[in-house]
Amino acid sequence: MRILLTNDDGYDAPGINVLRERLLDDNHEVFMMAPATNQSGTSQSIHMGKGMKVRELDEGLWACEGSPADCVMTAIHGKVFEKPDMILSGINRGPNIGLDILYSGTCGAARQGVLMGIPSVALSVMWPGDEIVGSESENDYNAMADFAAKNLKALAKLAAVAPKGKMPQERCAFVNVNGMAQDKAYKGGRFCGVSFREYIDDKVVLKDLGGGLYERTFLGGRVHSAAREYSDYDACVEGFAAVTRVCAEPSAVPTLDGIEFKV
């Protein structure tokens, strides 16, 4: 299978390189177009109207100044590589569950991929309590890399893509997979819903630099996860790989009765 890899942690992050080596072990044709620097939290943002440097680091390995979505667009529309059979985004350092999906550059790349007609999967790992424990190890990504490698065809089938020049029969969807950061295999894969994630004590610090100029730093905060149904968070903490099909298109919610507009 011809596979395009990207992420939002950067081309030199351990997660994407553990995944790359695992796929190469299975003799897949693997290409990488990943951000030159960390692009976490960039969602599906793209550069428009200004230059963006792209560097070839080695055969089949490129770094892009832009966001993860930029990486996908550059690789495909720029015809850097032959069109892949699927796109894998990750393995991300930290979970992308619940509302994280909206902010995640990892998910943004997978969303961009299915909208361009390519089955795409976002892969992420989480640590206990949503905190990276101790010193991060490449072994933390082995279980997710192995799960992805063993289930490529199944994951590709779950994605719903936009056929070129045609209206999709169903709304485009990418596949979002999360699991605990671990070396040993997961108990299996579990289909699940999306949890609700609340960042309880978000900390935004404004440092006064003088002259009306401030430097803003976001420090994150504690996370509370809740769910209306069996969720991605539940599956992760129970030792499974959480598999969720996520709509890639904006979707209108049902209208409300009794609402009238003035003219």
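In this text the structure is predicted, and so the values were computed from the model without any measurement. All residue numbers refer to positions in the sequence shown, counting from 1.
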Any idea which heavy atoms bring Met126 and Cys236 closest together, and the distance?
SD-CB, 3.6 Å
Check whether any side-chain N or O of Arg245 sits under 3.5 Å from a backbone N or O of Leu158 as a donor-acceptor pair, and report yes or no.
yes
Sole candidate of Ser225, Ser124, Ser195 that passes side chain to side chain donor-acceptor pair (under 3.5 Å) when paired with Asp232
Ser195
Counting only N and O atoms by type, is there a donor-acceptor contact under 3.5 Å from the side chain of Thr74 to the main-chain atoms of Asp70?
yes
How close do Ile91 and Asp9 get, counting heavy atoms only, and between which atoms?
O-OD2, 4.1 Å
Can you tell me how far apart CG (Asp100) and OG (Ser43) are? Round to the nearest 0.5 Å.
11.5 Å
Side chain of Lys207, backbone of Arg216: donor and acceptor closer than 3.5 Å?
no
For Phe174 and Ala248, which heavy atoms make the closest approach, and how far apart are they?
CD2-CB, 4.3 Å
CE/Met144 to CG/Asn178 distance, rounded to the nearest 0.5 angstrom?
6.0 Å
Decide if atom OH of Tyr230 counts as having more than 12 heavy atoms of other residues, nucleotides or ligands within a radius under 6.0 Å.
yes
Between the side chains of Asn176 and Thr244, does any donor sit under 3.5 Å from an acceptor?
no
Is it true that atom CD of Glu138 has more than 12 heavy atoms of other residues, nucleotides or ligands lying nearer than 6.0 Å?
no
Taking atom types as modelled, find out whether Tyr233 and Arg197 have a side-chain donor-acceptor pair closer than 3.5 angstrom.
no
Linked, directly or transitively: Leu5 and Leu155 (ILVMFWY side chains, under 4.5 Å):
yes
Residue Arg171 excluded, over 12 heavy atoms near CZ under 6.0 Å
yes
Of all heavy-atom pairs between Thr42 and Ser67, which one has the smallest distance, and what is that distance?
OG1-CB, 4.1 Å
Which distance, rounded to the nearest 0.5 Å, do you find between the CG of Asp26 and the CD of Glu21?
12.0 Å
Salt bridge (charged side-chain N to carboxylate O under 4.0 Å, His left out) between Glu65 and Lys50, intermediate numbers included:
CA-CA 12 Å; Glu65 270 191 349; Lys50 57 181 178 180; over 6 Å; no
Give the minimum heavy-atom separation between Cys71 and Cys64, together with the two atoms involved.
SG-CB, 3.7 Å
Applying the 4.5 Å side-chain criterion to the ILVMFWY set and letting contacts propagate, would Leu152 and Leu24 be lumped into a single cluster?
yes
Donor-acceptor check, side chain of Asp234 to backbone of Ser231, threshold 3.5 angstrom: yes or no?
yes
Separation between OG (Ser120) and CG (Leu4), nearest 0.5 Å, reads 8.5 Å
Donor-acceptor contact below 3.5 Å, side chain Gln182 vs main chain Lys184:
yes
Is Asn17 reaching over with its side chain to a backbone N or O of Tyr11, donor-acceptor style, under 3.5 angstrom?
yes
Hydrophobic cluster membership, Val18 vs Ile3, 4.5 Å side-chain cutoff
yes
Between Arg2 and Glu82 (salt bridge meaning N to carboxylate O under 4.0 Å), is one present in this structure?
yes
Looking at Leu23, Thr6, Val30, which hits side-chain contact (heavy atoms from CB on, under 4.5 Å) with Leu88?
Leu23
Main-chain N/O of Asp140 paired with Asp183 side-chain donor or acceptor, under 3.5 Å:
no
Are Thr37 and Gln39 linked by a side-chain donor-acceptor pair shorter than 3.5 Å?
yes
Roughly how far apart are Arg111 CZ and Thr106 OG1, rounded to 0.5 Å?
11.0 Å
Within one Ile-Leu-Val-Met-Phe-Trp-Tyr cluster: Met86 and Val161, side-chain cutoff 4.5 Å
no
Heavy-atom pair with the smallest gap, counting every atom of Val177 and Phe147:
CG1-CE2, 4.0 Å
For Gly10, does its backbone N or O pair with a side-chain atom of Asn7 as donor and acceptor, under 3.5 Å?
yes
Quick one: ring pair (Phe, Tyr, Trp, His ring centres under 6.0 Å) pairs with a partner in residues 15-39, sequence neighbours left out?
Phe31-Phe81
